[in-house]
Amino acid sequence: MPQDVAETQQPARFGFGQNWLSFVEIVDEARVASARDSLLKALPVATLAGRTFLDAGCGSGLFSLAACQLGARVHAFDYDPQSVQAATELRRRFAADSDWTIEQGSILDPRFVAGLGRFDIVYSWGVLHHTGELWRGLAASAGLVAPGGLLYVSIYNDQGLPSKVWRRVKRRYNTSGAVMRAILIAGSAAYLHRYWPLLAVHRMMRPAGTAARGPRARGMSRQHDLVDWVGGYPFEVARPDEVFAFAHRLGFELRYLTTAGGGLGCNEYVFQAPPAARPASRRSRSPV
């Protein structure tokens, strides 16, 4: 299937699918439950039963699985064949008889996108900023939402200079050998986790009987997220106001937002598409 050059021929592209293949080996019921909870927290619905759900850039397939277990009819795709393989493995293990289809394709491929149809919910978490064409990918995703449907996306927060520094780190990671990659992973981990000693002391001082920390948010893995963060290239960022303005021009209205607080990470948005246009009423003509 033809894919867009902007996404598939980046000179220093990270192997997202390889990382997801490793991740699916540790997916269990607790991680799937956490993924389900994250969907229901953001989406203004109590169930996905009877709804169509598109996972654009499905990665491991964890959230396709979560949507499927919540009752949705799911269609998933990813440009990376190893991501398709990872999602297919999760379907085999957890939802072999479900209404869940998976295929290879790119959100930047107009011919592929044109054949997808429209969906009640279009989900693309942490994907569009890795295509090399963030705004084109966002517009294409919005075009797949059915009238009145929901677009759920997450996009890296623009931190200004720190984002530019991370872009250089990511590019260096993908143009380096194994030794330099290990150094970059270790150095980034030390920087990102520099407050852990204080957090550990804080946890030790909690009153007896306080609940321990639960599973990682969204059912993810700390180690796989670290590798994805350091290696994730192409890498684009956007401020919330830029995303708001772009979606508003397309007629979408914001329904849910959670931000990175001006720091590192993704801002999450749920937008609602405009309803279908009502046909103009016909007025009877007065007799001549």
Side-chain angles (χ1 to χ4, degrees), residues 20 23-24 27-78 83-84 86-103 107 113 116-128 138 140-155 211 214-221 243 247 250-259 266-276 278:
W20 290 128
F23 170 72
V24 297
V27 171
D28 55 15
E29 292 290 353
R31 293 184 187 278
V32 179
S34 184
R36 290 197 305 267
D37 290 344
S38 76
L39 287 178
L40 293 179
K41 177 183 176 182
L43 295 172
V45 296
T47 177
L48 300 186
R51 298 174 187 263
T52 54
F53 184 99
L54 177 68
D55 194 350
C58 61
S60 68
L62 177 61
F63 291 88
S64 291
L65 173 59
C68 187
Q69 291 187 348
L70 288 169
R73 301 193 308 277
V74 178
H75 186 79
F77 70 88
D78 201 291
S83 291
V84 173
T88 301
E89 172 61 15
L90 277 194
R91 182 179 62 185
R92 183 193 69 79
R93 285 169 49 195
F94 291 95
D97 298 324
S98 63
D99 192 354
W100 172 12
T101 57
I102 308 167
E103 65 176 327
I107 193 64
V113 170
L116 289 172
R118 299 289 185 90
F119 297 81
D120 298 319
I121 300 168
V122 173
Y123 178 85
S124 191
W125 210 104
V127 174
L128 303 176
L138 183 56
S141 300
L144 294 169
V145 183
L150 300 170
L151 174 64
Y152 183 3
V153 297
S154 78
I155 298 171
R216 184 161 174 79
R218 306 179 61 251
M220 306 307 290
S221 153
V243 179
L250 298 176
F252 283 70
E253 297 293 335
L254 183 68
R255 292 292 178 260
Y256 174 85
L257 169 67
T258 181
T259 73
C266 290
N267 300 319
E268 296 181 51
Y269 312 84
V270 175
F271 294 103
Q272 186 166 24
R278 295 180 179 179

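Side chains are part of it too, since the values below use all heavy atoms of this structure and drop only hydrogens, waters and symmetry mates.
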Validation: residues 267-274 side-chain donor-acceptor distances under 3.5 Å, sequence neighbours left out:
| unit_1 | atom_1 | unit_2 | atom_2 | d |
| --- | --- | --- | --- | --- |
| Asn267 | OD1 | Ala260 | N | 2.8 |
| Asn267 | ND2 | Asn157 | OD1 | 3.0 |
| Glu268 | OE1 | Trp125 | NE1 | 3.4 |
| Glu268 | OE1 | Tyr152 | OH | 2.6 |
| Gln272 | OE1 | Arg255 | NE | 2.8 |
| Gln272 | OE1 | Arg255 | NH2 | 3.4 |
| Gln272 | NE2 | Gly148 | O | 3.0 |

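- No donor-acceptor pair closer than 3.5 Å links the side chain of Ser124 to the backbone N or O of Val153.
- Remark: Glu29 CD to Arg36 CZ distance equals 7.0 Å, nearest 0.5 Å.
- No donor-acceptor pair closer than 3.5 Å links the side chain of Asp120 to the backbone N or O of Gly149.
- The backbone N or O of Trp100 lies less than 3.5 Å from no partner atom in the side chain of Arg73, so there is not a single donor-acceptor pair.
- Atom-to-atom distance recorded for Leu90:CG and Phe23:CZ is 8.0 Å, nearest 0.5 angstrom.
- In plain terms, the two heavy atoms of Ser38 and Ala35 that are nearest each other are OG-O, 2.8 Å.
- Expressed to the nearest 0.5 Å, how far CG of Leu128 lies from CG of Leu138 amounts to 6.0 Å.
- Note that CZ of Arg31 and CE of Met220 are 8.5 Å apart. Values are rounded to the nearest 0.5 Å.
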Show every donor-acceptor pair shorter than 3.5 Å between a side-chain atom in residues 58-65 and any protein atom, with sequence neighbours excluded, or say none if there are none.
| unit_1 | atom_1 | unit_2 | atom_2 | d |
| --- | --- | --- | --- | --- |
| Ser60 | OG | Leu62 | N | 3.2 |
| Ser64 | OG | Asp55 | OD2 | 2.7 |

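- Note that the CG atom of Asp78 and the CH2 atom of Trp20 stand 9.5 Å from one another [nearest 0.5 Å].
- Across every non-hydrogen atom of Ser98 and Cys68, the tightest pair is CB-SG, 3.1 Å.
- Leu43 places a side-chain heavy atom less than 4.5 Å from the side chain of Leu48.
- If you take OG1 on Thr52 and CD1 on Ile121, they are separated by 7.5 Å, rounding to the nearest 0.5 Å.
- Between Leu70 and Thr47, every side-chain heavy-atom pair lies at or beyond the 4.5 Å cut-off.
- Looking at heavy atoms from C-beta onward, Tyr123 lies in side-chain contact with Leu39 at the 4.5 angstrom threshold.
- A 4.5 Å side-chain heavy-atom check between Arg51 and Val45 finds at least one atom pair inside the cut-off.
- Judged by distance alone, with hydrogens and angles left aside, the side-chain atoms of Ser34 form a donor-acceptor pair with the main-chain N or O of Gly219 at under 3.5 Å.
- Heavy-atom minimum distance, Thr101 versus Arg91: CA-NH1, 4.0 Å.
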Enumerate, atom names and distances included, each donor-acceptor pair closer than 3.5 Å involving a side-chain atom of residues 140-147, sequence neighbours excluded.
| unit_1 | atom_1 | unit_2 | atom_2 | d |
| --- | --- | --- | --- | --- |
| Ser141 | OG | Gly137 | O | 2.9 |

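- Counting heavy atoms from C-beta outward, Leu150 and Tyr256 have side chains that stay 4.5 Å or more apart.
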